[in-house]
Colleague: 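Structure below; questions to follow.
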Amino acid sequence: MVQAATAADLAKSQAFASRQQTYAPVYQYPIYKGRVAVMDGRTLWYPQHAQRVRLVDIDTCELPQLDPKWVNRERQKGPSPVPCGALAKAWLKRTVGNKPVECSVVTYGNDGIPEARCTARGRDLAAEMLRVGWARVASPYPASSQYLAYQNHAMAARYGMWATYVLDMNEWRRKSVDKSLDRRPIADFNLLAERESEISPPFIDARKKPKRTDR
């Protein structure tokens with residue numbers, strides 16, 4: 001009799017566990033829709049949701065990051081800054097315009113900001129940034145093989161940042177002390193002179209390191 005009750009209880013517990021597994025909620029990443037403000041070359045702001053969203057699989061220069069290329073050092077006392085961060089933001093803003101943007105979140109960054117595949121007027125915003133050369137793929141293996149194709153084309157054509165020296169974004173974030181918009185071009189020039197890696201055209205003439213003049 002005791003054995004029969006135990007078997008019945010076991011059957012009930014297994015049935016309950018099965019129902020729990022069947023009806024367990026499946027988490028879905030959110031989808032944001034609406035007009036946005038462009039914060040930088042890869043970050044959007046949804047005011048109606050008070051939410052920042054990053055374009056997934058790409059990276060761009062930060063707003064204070066400059067191109068520190070110094071062409072004529074005899075006539076010019078400092079390098080003419082080409083603000084790769086500001087240009088990336090401008091291109092993204094131009095692509096978005098005043099149209100609504102739909103962002104499907106696919107993951108979250110280490111800082112908790114959602115990273116999403118975003119489209120405006122049917123155009124993939126990350127792909128557009130790669131196409132004009134103001135973004136690079138964030139890893140060697142992006143989810144879309146088309147991203148690499150766009151980047152390779154921009155590199156070959158020397159579009160955007162591929163036409164000049166730009167310090168690798170991760171290295172810039174790691175080494176830059178002054179991250180404000182008031183930083184001087186010479187700060188990025190000195191970082192570039194000691195760089196470990198940079199974003200530059202894949203040609204021999206682009207691999208020559210500039211010489212420091214402040215020593």
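Just so it is clear, the values below take in all heavy atoms, side chains as well, and ignore hydrogens, waters and symmetry mates.
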Colleague: Do R94 and W91 form a cation-pi contact, if we require the NZ or CZ to be under 6.0 Å from the six-membered ring centre and within 45 degrees of the ring's axis?
Modeller: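 Satisfied, under 6.0 Å and within 45°.
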
Colleague: Do the side chains of L130 and L87 join up, straight or via other hydrophobic residues, at under 4.5 Å, putting them in one cluster?
Modeller: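 Yes, because L130 and L87 connect within a single hydrophobic cluster, where side-chain heavy atoms sit under 4.5 Å apart.
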
Colleague: Going by heavy atoms in the side chains, are C103 and I31 under 4.5 Å from each other?
Modeller: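 Side-chain contact under 4.5 Å: no.
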
Colleague: Any idea which heavy atoms bring I58 and A135 closest together, and the distance?
Modeller: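 In this case the closest contact between I58 and A135 is CD1-CB, 4.0 Å.
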
Colleague: In the structure I gave you, are the side-chain heavy atoms of W45 and Q51 within less than 4.5 Å of one another anywhere?
Modeller: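 Sidechains of Q51 and W45: no contact.
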
Colleague: Working to the nearest 0.5 Å, report the span between SG of C61 and CG of D40.
Modeller: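 Answer rounded to 0.5 Å: 10.5 Å.
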
Colleague: Using every non-hydrogen atom in the two residues, find where C84 and V166 come nearest and quote the distance to one decimal.
Modeller: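 Heavy atoms only, the tightest pair is SG-CG1, 3.8 Å.
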
Colleague: For residues 140-156, pull every pair meeting salt bridge (charged side-chain N to carboxylate O under 4.0 Å, His left out), keeping only residues two or more places apart or in separate chains.
Modeller: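 Qualifying pairs, neighbours excluded: none.
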
Colleague: Using only heavy-atom distances, determine whether the side chains of S180 and D182 contain a donor-acceptor pair under 3.5 Å.
Modeller: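 S180 vs D182: no donor-acceptor pair found between side chains.
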
Colleague: Does V137 reach the side chain of L148, with side-chain heavy atoms less than 4.5 Å apart?
Modeller: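 The answer is yes; the side chains approach within 4.5 Å.
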
Colleague: Quick one: closest heavy-atom pair of A88 and T60, and the distance?
Modeller: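 Scanning both residues, the minimum pair turns out to be CB-CB, 4.2 Å.
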
Colleague: Do you know the tightest heavy-atom contact between M129 and G41?
Modeller: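 Looks like CE-O, 3.6 Å.
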
Colleague: Taking the side chain as every heavy atom from C-beta outward, state whether V101 and K33 have any pair of such atoms under 4.5 Å apart.
Modeller: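 With C-beta onward as the side chain, the pair stays apart.
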
Colleague: Could you tell me which non-hydrogen atom of D188 sits nearest to which non-hydrogen atom of W172, and how far apart they are?
Modeller: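 Scanning both residues, the minimum pair turns out to be OD1-NE1, 2.8 Å.
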
Colleague: Please report the interatomic distance CG(N98) to CZ(R35), rounded to the nearest 0.5 Å.
Modeller: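 That separation rounds to 5.0 Å.
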
Colleague: Side-chain contact, heavy-atom cut-off 4.5 Å: L92 with L44?
Modeller: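 Yes, close enough: below the 4.5 Å cut-off.
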
Colleague: With side-chain contact (heavy atoms from CB on, under 4.5 Å) as the test, would you mind laying out the steps for E171 and S197 before giving the verdict?
Modeller: CA-CA 8 Å; E171 186 174 354; S197 61; 3.5 Å; yes

Colleague: In terms of the angle between their ring planes, are Y108 and Y29 parallel, tilted or perpendicular, with boundaries placed at 30° and 60°?
Modeller: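 Ring orientation of Y108 relative to Y29: tilted.
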
Colleague: Cluster question for you: counting only ILVMFWY and a side-chain heavy-atom cut-off of under 4.5 Å, with indirect links fine, are V105 and V38 together?
Modeller: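 Both belong to a single hydrophobic cluster.
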
Colleague: Verify side-chain contact (heavy atoms from CB on, under 4.5 Å) between V36 and V96, making sure each step is shown before the conclusion.
Modeller: CA-CA 8 Å; V36 299; V96 170; 3.9 Å; yes

Colleague: Can you tell me which residue pairs pass the side chain to side chain donor-acceptor pair (under 3.5 Å) test with a partner in residues 109-121, sequence neighbours excluded?
Modeller: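 Passing the test, one end in residues 109-121: R54-D111, D57-R117, R117-Y147.
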
Colleague: Report yes if some heavy atom in the side chain of V82 is under 4.5 Å from a heavy atom in the side chain of L66; otherwise report no.
Modeller: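 Heavy-atom side-chain distance check fails, nothing below 4.5 Å.
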
Colleague: Taking atom OH of Y46 as the centre, does the number of heavy atoms from other residues, nucleotides or ligands within less than 6.0 Å exceed 12?
Modeller: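 Yes.
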
Colleague: So does R52 have more than 12 non-hydrogen atoms from other groups sitting under 6.0 Å from CZ?
Modeller: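 Incorrect, the count does not exceed 12.
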
Colleague: Should we count NZ of K99 as having more than 12 external heavy atoms under 6.0 Å?
Modeller: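 Check fails, neighbour count at 12 or below.
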
Colleague: Are Q151 and P142 packed together at the side-chain level, in the sense that at least one heavy-atom pair is separated by less than 4.5 angstrom?
Modeller: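 Q151 does not reach P142 side chain to side chain.
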
Colleague: Give me each pair satisfying salt bridge (charged side-chain N to carboxylate O under 4.0 Å, His left out) with a member in residues 129-155, each pair once, sequence neighbours excluded.
Modeller: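 Qualifying pairs: D59-R136, E128-R131, R136-D168.
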
Colleague: Output the distance between atom CG (L125) and atom CZ (R42), rounded to the nearest 0.5 Å.
Modeller: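 The CG atom of L125 sits 14.5 Å away from the CZ atom of R42.
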
Colleague: Can you check whether K89 reaches E62 side chain to side chain, under 4.5 Å on heavy atoms?
Modeller: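 K89 vs E62: side chains apart.
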
Colleague: State whether the side chain of Q65 and the backbone N or O of L167 hold a donor-acceptor pair below 3.5 Å, judged by distance alone.
Modeller: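 Yes: the side chain of Q65 pairs with the backbone of L167.
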
Colleague: Check the pair E196 / R174 against side-chain contact (heavy atoms from CB on, under 4.5 Å), numbers first and verdict last.
Modeller: CA-CA 12 Å; E196 297 171 10; R174 187 172 66 253; 3.5 Å; yes

